Trainee: 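Before I ask anything, here is the structure I am working with.
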Amino acid sequence: MRPFKDKPLDEYGFALAFAEVNRGKLWYHNHKWYQWTDTQWTCSDDMDVIVQGLATNLDGYLQLEIGLANYELKEMMARTEVKAGDDNIQTRLDALQAAISKLHQRKTIDNLIALARNRMKLPAGKEFDGPDTDFLLNCENGVLDLRTAGYDLASDTYTPPTLVSHEDSRERGDLITKLAYVNYDPDAPCPEWKRFLESAQAAAGDDRDNVIDFLAQLAGAWLTGSNIHRWVTLVGGPSFSGKSTFTNVIGDLLGKKNKARDLAVILSREALRPGTHTSSQKDIFGRRLVLFPELNKRFDLGDVSELLKQWTGNDGITARGMRENNEAARQTWHLVMTFNNEPLMDPVADDALWKRILYVPFATARPESEQKDLPAILAGEMSGILNWCLRGWAKFQAQGGKILKQPEYIREAKEAYGQRLRNRTWFYWERDIREYVAAAGNQPFGPDGPLRTLPAMWLTVDNLFGKNILNVDKPDAADKARLAALMTSLGYTQERLTNPQTKVKERVYIREDPNEVDADLLAQEALAMIEVVTRVGIEAVPIRVKGELVDVRHFLLRRLAGNQSPASLSMLVRESRKYRERYLQASAGPLAELGDAIDVG
């Protein structure tokens with residue numbers, strides 16, 4: 001190669017030579033340099049220094065031209081006749097010597113690199129780790145095209161994917177920056193891995209083989225950069241159940257060594273905390289597997305629901321590293337969380353997140369002695385485990401590749417988990433309903449209730465489950481039955497009242513006798529009555545208590561603070577209504593005409 005042949009020996013010529021020498025092995029994209037390193041494209045923090053070194057290496061090509069010019073000069077001097085162009089040989093030789101001196105100047109290096117950028121930009125429409133690489137798996141000995149894997153369901157026959165060399169992959173234009181930590185060997189077995197899964201899924205009983213097949217399809221999907229399924233995978237069970245072994249082995253296969261080339265990454269729970277710097281989100285760009293190990297006790301998925309839905313959506317995310325500008329990335333990763341204690345959430349209120357959850361139980365705790373040497377043994381079966389994943393992927397595609405068919409054991413495990421969540425959720429729902437009902441007191445009830453004309457505050461099923469309190473869009477029959485049982489226990493019955501706004505009759509929970517409810521509910525109702533007293537303007541009505549003049553509001557607050565028994569509180573409620581009625585009866589005249597203060601002793 002003679003990159004300086006017929007090129008000007010100035011900075012522009014240097015840039016042309018630099019682009020020619022590094023064509024196909026160096027690209028400039030989004031203000032960054034990417035270099036081919038025999039197995040993948042890299043963009044390290046020291047790429048600017050590397051590119052400067054490559055530019056300096058041009059002096060070798062200049063030395064080649066000087067050697068050729070010297071040879072021509074000696075040949076000319078050995079000849080007796082003069083040829084055309086002989087006069088230019090010495091001139092070019094002098095120019096080449098000057099060019100080498102100039103090339104060793106820092107300013108020249110910087111300028112030629114700046115000029116070369118435009119000639120080395122990635123072609124329009126191309127990007128590193130773009131959608132065209134989602135089904136390519138870059139292994140240590142070549143690139144697998146997962147789209148070429150096949151599976152015949154009728155004959156249970158598997159066709160392995162094709163493997164091309166890294167150089168062939170580069171020449172056909174694959175722009176891959178990640179590398180799996182595994183050699184592909186289509187004949188490699190994984191007997192210990194299969195024995196491990198059979199032991200870890202013993203609790204599945206007769207459904208065990210189906211569960212293991214399901215895990216193979218799931219792990220196979222994790223090898224791809226396709227996020228169309230939007231899964232949030234929860235892998236849980238007791239200590240020493242094998243859940244972490246399963247996820248860590250797949251993570252090790254893809255690489256989770258905290259390197260830029262890794263296809264997997266481990267994030268701490270802190271990455272999910274609101275307000276955390278987006279550098280944690282930047283860490284997942286381009287990955288295919290994101291692992292959150294060992295969620296802490298009572299971790300609430302509801303607190304990070306929006307973030308999880310954003311991470312598993314298809315609209316892309318924006319994040320930046322420390323002291324960097326924002327960058328956008330499309331979702332190529334699969335989220336996997338492991339736990340000993342089941343994370344909390346509201347499967348009804350957050351139905352969108354619940355639908356994305358894959359619940360994978362590892363229910364059998366295995367003796368610690370069985371796992372002592374297991375990681376080292378499985379590390380020697382990585383090629384076989386890759387084949388196990390690829391076979392699962394091919395079968396998943398043969399079944400349609402859109403919906404992962406879940407065995408009965410897996411479905412029932414998620415249903416049971418959901419029921420446990422609903423039981424926990426209902427505990428908080430019941431608390432909120434009790435507080436809301438207590439605060440509402442008896443306001444909407446009776447023909448002259450102040451809230452009779454405010455149907456938005458009525459105790460209807462829709463209002464209780466709606467934005468007023470629980471914010472549940474679609475309560476099911478079980479939720480409504482639980483609500484009915486709770487309201488009955490609080491002394492409520494349903495009556496049909498005509499909504500004054502819509503003129504439609506609605507079923508409203510009515511409690512005619514507030515004296516039968518518990519002390520907490522009476523206290524809340526008394527507070528509500530205090531608010532009514534204030535609202536209708538009788539807080540200044542004088543009351544004499546043991547010779548001391550106080551107003552109605554002061555009296556009620558004092559009684560509320562000093563009396564906690566149901567009987568006393570019930571009396572307080574009745575008294576507050578009595579004072580209100582006495583004021584309303586006398587409200588035709590001015591306040592001064594009420595006469596003496598009400599003496600309550």
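Starting from 1, each residue takes its place in the sequence as its number. Note that this is a predicted model, so its numbers are computed, not measured.
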Trainee: Do the side chain of Thr332 and the main chain of Arg287 share a donor and acceptor less than 3.5 angstrom apart?
Mentor: yes
Trainee: Taking 4.0 angstrom as the limit, do Asp168 and Arg172 come out as a salt bridge?
Mentor: no
Trainee: Give the ring-plane orientation class for Phe362 versus Phe246, where under 30° counts as parallel, over 60° as perpendicular and anything between as tilted.
Mentor: tilted
Trainee: Charged N to carboxylate O below 4.0 Å: is that the case for Glu65 and Lys5?
Mentor: no
Trainee: Are Asp174 and Arg170 ion-paired here, with the side-chain N under 4.0 Å from a carboxylate O?
Mentor: no
Trainee: Can you confirm whether Lys107 sits close enough to Asp110 that some side-chain heavy atom of one is under 4.5 Å from a side-chain heavy atom of the other?
Mentor: no
Trainee: Is the backbone of Ile266 close enough, under 3.5 Å, to the side chain of Lys256 for a donor and an acceptor to pair up by distance?
Mentor: no
Trainee: Side-chain contact, heavy-atom cut-off 4.5 Å: Glu294 with Phe339?
Mentor: no
Trainee: Please give me the minimum heavy-atom distance between Gln399 and Lys405, naming the atom from each residue.
Mentor: OE1-CB, 4.4 Å
Trainee: Is there a side-chain contact between Leu289 and Val336 (heavy atoms, below 4.5 Å)?
Mentor: yes
Trainee: Show, in sequence, the C-alpha distance, side-chain angles and deciding distance for Leu307 and Gln310, and conclude whether the side-chain contact (heavy atoms from CB on, under 4.5 Å) test is met.
Mentor: CA-CA 5 Å; Leu307 183 61; Gln310 182 187 30; 3.7 Å; yes
Trainee: Quick one: does any side-chain atom of Arg230 pair with a main-chain N or O of Gly313 as donor and acceptor, under 3.5 Å?
Mentor: no
Trainee: Using ring-ring contact (aromatic ring centres under 6.0 Å, His included), reason through Phe128 and Tyr34 one step at a time and then give a plain yes or no.
Mentor: CA-CA 9 Å; Phe128 286 96; Tyr34 289 79; 3.8 Å; yes
Trainee: Just by modelled atom types, is the Thr177 backbone N or O under 3.5 Å from a matching donor or acceptor in the Asp129 side chain?
Mentor: yes
Trainee: So, do Leu267 and Leu291 sit near enough that their side-chain heavy atoms are less than 4.5 Å apart?
Mentor: no
Trainee: Please report the closest heavy-atom contact between Pro343 and Leu421, naming both atoms and the distance.
Mentor: O-CD2, 3.6 Å
Trainee: Considering all heavy atoms of both residues, which atom of Asp262 and which atom of Lys178 are nearest to each other, and what is their separation?
Mentor: O-CD, 3.4 Å
Trainee: Under a plain distance cut-off of 3.5 Å, with no hydrogens placed, do Gln281 and Thr318 share a side-chain donor-acceptor pair?
Mentor: no
Trainee: Side-chain donor-acceptor pair under 3.5 Å between Ser155 and Asp152, yes or no?
Mentor: yes
Trainee: Has Arg117 got a side-chain atom pairing as donor or acceptor with Trp33's backbone, closer than 3.5 angstrom?
Mentor: no
Trainee: If only atom types and distance count, is the side chain of Trp393 paired as donor or acceptor with the main-chain N or O of Leu146 below 3.5 Å?
Mentor: yes
Trainee: Between Arg330 and Phe285, is NZ or CZ placed under 6.0 angstrom from the six-membered ring centre and within 45° of the ring axis?
Mentor: no
Trainee: Identify the heavy atoms of Leu263 and Ala180 that sit nearest to each other, and give their distance.
Mentor: CD1-N, 3.9 Å
Trainee: Quick one: do the Asn141 and His166 side chains pair a donor with an acceptor below 3.5 Å?
Mentor: no
Trainee: Where the side chain of Asn340 meets the backbone of Gly236, is there a donor-acceptor pair that is under 3.5 Å apart?
Mentor: no
Trainee: Using 30° and 60° as the class boundaries, would you call the ring planes of Tyr417 and Tyr359 parallel, tilted or perpendicular?
Mentor: parallel
Trainee: Can a salt bridge be assigned to the pair Asp134 and Arg288 using a cut-off of 4.0 Å between side-chain N and carboxylate O?
Mentor: no
Trainee: So, the side chain of Trp333 versus the backbone of Trp311: is there a donor-acceptor pair under 3.5 Å, distance only?
Mentor: yes
Trainee: Pairing donors with acceptors under 3.5 angstrom, does anything connect the side chains of His334 and Asn227?
Mentor: no
Trainee: Is it the case that more than 12 heavy atoms not belonging to Arg420 sit under 6.0 Å from its CZ atom?
Mentor: yes
Trainee: Ignoring hydrogens and angles, tell me if any N or O in the side chain of Glu381 forms a donor-acceptor pair with the backbone of Trp193 under 3.5 Å.
Mentor: yes
Trainee: Assess whether a salt bridge exists between Glu327 and Lys282, defined as any Lys/Arg side-chain N lying under 4.0 Å from an Asp/Glu carboxylate O.
Mentor: yes
Trainee: What pairs of donor and acceptor atoms, side-chain ones from residues 196-205 against any protein atom, are under 3.5 angstrom apart with sequence neighbours left out?
Mentor:
unit_1	atom_1	unit_2	atom_2	d
Ser199	OG	Arg366	NE	3.1
Gln201	NE2	Pro361	O	3.1

Trainee: Which donor-acceptor pairs under 3.5 Å do the side chains of residues 15-30 make with protein atoms, sequence neighbours left out?
Mentor:
unit_1	atom_1	unit_2	atom_2	d
Glu20	OE1	Lys7	NZ	2.7
Asn22	ND2	Phe18	O	2.9

Trainee: Do Thr162 and Thr148 get their side chains close enough for a donor-acceptor pair, meaning under 3.5 Å?
Mentor: yes
Trainee: I'd like to know whether CG of Asp46 has more than 12 heavy-atom contacts from other residues, nucleotides or ligands below 6.0 angstrom.
Mentor: yes
Trainee: I need the Thr233 OG1 to Arg356 CZ distance, nearest 0.5 Å.
Mentor: 12.5 Å
Trainee: Would you indicate whether the side-chain heavy atoms of Val304 and Phe299 approach each other to under 4.5 Å?
Mentor: yes
Trainee: Could Asp252 and Lys257 be called an ion pair, given the rule that one side-chain N must be under 4.0 Å from one carboxylate O?
Mentor: no
Trainee: Taking atom CD1 of Ile403 as the centre, report whether more than 12 heavy atoms of other residues, nucleotides or ligands fall under 6.0 Å from it.
Mentor: no
Trainee: Pair Tyr12, Leu112 - check side-chain contact (heavy atoms from CB on, under 4.5 Å), show working.
Mentor: CA-CA 7 Å; Tyr12 178 68; Leu112 81 86; over 6 Å; no
Trainee: Taking the side chain as every heavy atom from C-beta outward, state whether Leu308 and Leu353 have any atom pair closer than 4.5 Å.
Mentor: yes
Trainee: Step by step, would you call Ser44 with Gln35 a side-chain hydrogen bond (donor to acceptor under 3.5 Å, both in side chains)?
Mentor: CA-CA 9 Å; Ser44 58; Gln35 183 187 30; over 6 Å; no
Trainee: Please report the shortest heavy-atom distance between Gly418 and Pro347, naming the atom on each side.
Mentor: O-CG, 4.1 Å
Trainee: Please examine the side chains of Leu344 and Leu301, heavy atoms only from C-beta on, and report whether any two atoms are closer than 4.5 Å.
Mentor: no
Trainee: Which is it for Asp185 and Leu386 under the side-chain contact (heavy atoms from CB on, under 4.5 Å) test, yes or no, and what are the steps along the way?
Mentor: CA-CA 9 Å; Asp185 178 358; Leu386 173 60; over 6 Å; no
Trainee: Take atom CG of Asn314 as the centre, draw a 6.0 Å sphere, and report whether it contains more than 12 heavy atoms from other residues, nucleotides or ligands.
Mentor: yes
Trainee: Could Asp350 and Lys309 be called an ion pair, given the rule that one side-chain N must be under 4.0 Å from one carboxylate O?
Mentor: yes
Trainee: Any carboxylate oxygen within less than 4.0 angstrom of a Lys/Arg side-chain nitrogen, looking at Asp213 and Lys395?
Mentor: yes
Trainee: Are the side chains of Leu390 and Tyr158 in contact, using a 4.5 Å heavy-atom criterion?
Mentor: yes
Trainee: Take a 6.0 Å sphere around CD of Gln419 and say whether it holds more than 12 heavy atoms from other residues, nucleotides or ligands.
Mentor: yes
Trainee: Test side-chain contact (heavy atoms from CB on, under 4.5 Å) on Phe4 and Leu62; report intermediate values, then the result.
Mentor: CA-CA 7 Å; Phe4 285 101; Leu62 287 173; 3.8 Å; yes
Trainee: Take atom CG of Asp45 as the centre, draw a 6.0 Å sphere, and report whether it contains more than 12 heavy atoms from other residues, nucleotides or ligands.
Mentor: no
Trainee: Could you report the tightest heavy-atom contact between Met382 and Val249, atom names first, then the distance?
Mentor: CE-O, 3.6 Å
Trainee: Atom CG in Leu144, atom CG in Leu136: separation rounded to 0.5 Å?
Mentor: 9.0 Å
Trainee: For a quick check under 3.5 Å, do Gln40 and Asn138 share a side-chain donor-acceptor pair by atom type?
Mentor: no
Trainee: Look only at the side chain of Thr157 and the backbone of Leu153, and say whether a donor-acceptor pair between them is shorter than 3.5 Å.
Mentor: no
